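See structure below.
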Amino acid sequence: MPELPEVETLKRALTPLVLNKRLLKLRFLRKDLRFSIPLSKLREGLLNQTVSRITRKGKYILMHVPDGALLIHLGMSGRVIQTSSMKPMKKHTHAVFKFEPDVYLHYVDPRRFGCLLWVPKGQTHPLLEGLGPDPLGEEIAATEMKLVAKKCSKASIKSFLMNAKRISGVGNIYACEVLFAARVSPKKPARKINSVQWGLILSTLRDILQKSIVAGGTTLRDFYNTDGSQGYYKLNLTVYDREDKPCPVCTKPIKRIVQSARSTFYCKICQK
DNA sequence: AAAACTACCTGAGTGC
DNA sequence: TGCACTCAGGTAGTTT
């Protein structure tokens with residue numbers, strides 16, 4: 001997926017294409033993704049309406065129109081591509097949007113873990129409620145995080161970082177990368193992280209995410225920008241998907257373990 | 001209450 | 001080539 005940098009990259013790519021533009025056509029090729037798509041609500045709310053704003057919270061994108069917003073999530077394999085017609089170009093194209101004058105956006109998602117939903121004006125959405133602070137938004141206070149983590153009896157720092165209720169938008173790749181950069185073991189209980197370490201983790205997180213956005217997002221299998229170009233952050237990955245390869249710092253082999261049913265990559269020597 | 005596990009899908013990669 | 005198998009960037013809902 002699409003981790004946070006990819007979603008932010010998508011938001012930035014979409015903005016000049018659709019901001020202050022009217023949606024002229026809307027076509028759905030299926031009625032359900034992860035959740036059923038509210039077809040008639042989306043048609044009613046979006047058709048012939050002008051996009052006033054595009055925002056992001058964690059990995060969710062909101063495309064605002066007068067009566068509400070289109071809520072987009074890319075799940076694990078989703079992407080949005082720009083083409084020159086309503087005709088689906090890719091297998092697993094589930095929705096096509098035509099904006100004035102001639103911008104065609106195709107929502108493609110093979111695994112269908114993503115979603116397209118409607119948020120009425122003045123309301124929020126259950127999926128957005130309870131999301132923790134966005135790591136690229138207002139600075140998260142280390143003291144605040146330490147306090148929240150204190151209440152976690154057992155959760156490892158890796159699981160903590162990936163829990164959207166704590167901090168929104170941190171996926172598996174960046175959780176691994178940040179902990180390596182901050183020299184913190186992924187196995188360390190979140191409640192044992194001191195404020196200095198929290199400060200380091202949070203500033204490193206912001207730094208890595210920002211650098212990745214500048215590079216255009218991490219491209220693994222499924223992410224492409226709306227114009228089909230790929231991101232380049234993958235080249236900078238230090239530990240993720242590098243089991244048995246040398247640690248860039250100490251050259252000892254990178255370890256792979258499983259935490260909460262997800263692969264974690266780290267250096268036993270460098271991360272304490 | 002918190003944390004771990006399961007399920008939702010398709011496709012890429014591996015080994016036979 | 002093909003089959004069987006494993007694994008994958010997310011996360012809501014269920015179970016422990």
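Below, chains carry the letters A, B, ... as their sequence lines are ordered, and counting in each starts from 1. From a predicted model like this one, the values you see are computed outputs, not experimental measurements.
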Can you tell me, in whole Å, how much space there is between the [atom1] of [N] and that of [M]?
{"N": "C/dC7", "M": "B/dC5", "atom1": "P", "result": "15 Å"}
{"N": "C/dC3", "M": "B/dC9", "atom1": "P", "result": "23 Å"}
{"N": "B/dA12", "M": "C/dT11", "atom1": "C1'", "result": "22 Å"}

message: For a quick check of understanding: with a heavy-atom distance under 4.0 Å over all strands, which category does A/Phe160 fall into, base, sugar-phosphate or nothing?
response: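 If one applies the 4.0 Å heavy-atom cut-off, A/Phe160 turns out to touch nothing in the nucleic acid.
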
task: Classify the nucleic acid contact of A/Arg256 as base, sugar-phosphate or nothing, counting any heavy atom under 4.0 Å across all strands shown.
output: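 Sugar-phosphate contact only.
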
Phosphate OP1/OP2 of [N]: any [X] side-chain N/O under 4.0 Å:
{"X": "A/Arg111", "N": "B/dA12", "value": "no"}
{"X": "A/His92", "N": "B/dT10", "value": "no"}
{"X": "A/Lys91", "N": "B/dG11", "value": "yes"}
{"X": "A/Ser153", "N": "B/dA2", "value": "no"}
{"X": "A/Lys59", "N": "C/dT11", "value": "yes"}
{"X": "A/Tyr174", "N": "C/dG10", "value": "no"}
{"X": "A/Ser77", "N": "B/dG11", "value": "no"}

query: Which heavy atom of A/Asn20 sits nearest a heavy atom of A/Thr50, and at what distance?
result: C-CG2, 3.4 Å

message: Quick check: closest heavy atoms across A/Ala175 and A/Val170, and the distance to 0.1 Å?
response: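 Shortest heavy-atom contact: N-CG1, 3.8 Å.
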
[atom1] of [X] versus [atom2] of [N]: gap in Å, rounded?
{"X": "A/Gln259", "N": "B/dA3", "atom1": "CD", "atom2": "P", "value": "13 Å"}
{"X": "A/Glu129", "N": "C/dG13", "atom1": "CD", "atom2": "P", "value": "12 Å"}
{"X": "A/Arg191", "N": "B/dA2", "atom1": "CZ", "atom2": "P", "value": "14 Å"}
{"X": "A/Asp32", "N": "B/dC8", "atom1": "CG", "atom2": "P", "value": "13 Å"}
{"X": "A/Arg262", "N": "C/dC7", "atom1": "CZ", "atom2": "P", "value": "13 Å"}
{"X": "A/Leu71", "N": "C/dA12", "atom1": "CG", "atom2": "P", "value": "11 Å"}
{"X": "A/Phe35", "N": "B/dA7", "atom1": "CZ", "atom2": "P", "value": "17 Å"}
{"X": "A/Leu33", "N": "C/dA12", "atom1": "CG", "atom2": "C1'", "value": "15 Å"}

Would you indicate which nucleotide in [options] comes nearest to any side-chain atom of [X]?
{"X": "A/Ser159", "options": "B/dT10, B/dA4, C/dA12", "value": "B/dA4"}
{"X": "A/Ala155", "options": "C/dA8, C/dG10, B/dA3", "value": "B/dA3"}
{"X": "A/Leu127", "options": "B/dA2, B/dG11, C/dA12", "value": "C/dA12"}

- prompt: Within 45° of the axis and under 6.0 Å from the centre of the six-membered ring of A/Phe28, does NZ or CZ of A/Arg30 qualify?
  reply: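 No cation-pi geometry.
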
query: Can A/Phe113 be classed as stacking with the base of B/dC8, given a centroid separation cut-off of 5.5 Å and a plane angle cut-off of 30°?
result: yes

message: Rounded at 0.5 Å granularity, tell me how far CG in A/Asn48 sits from NZ in A/Lys25.
response: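 Taking CG in A/Asn48 and NZ in A/Lys25, the distance rounds to 11.5 Å.
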
- request: Please evaluate the base of B/dC9 for a donor-acceptor partner in the side chain of A/Arg112 within a cut-off of under 3.5 Å?
  value: no

- line: The answer to which of A/Cys152 and A/Ala261 contacts DNA chain B further toward the 5' end, by nearest nucleotide, is A/Cys152

field: Within-4.5 Å side-chain heavy-atom neighbours: A/Asn163 and A/Cys152
entry: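 SC-SC contact between A/Asn163 and A/Cys152 ruled out.
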
message: Is there a side chain to side chain donor-acceptor pair (under 3.5 Å) between A/Thr83 and A/His106? Walk through the geometry before answering.
response: CA-CA 7 Å; A/Thr83 77; A/His106 295 228; 2.8 Å; yes

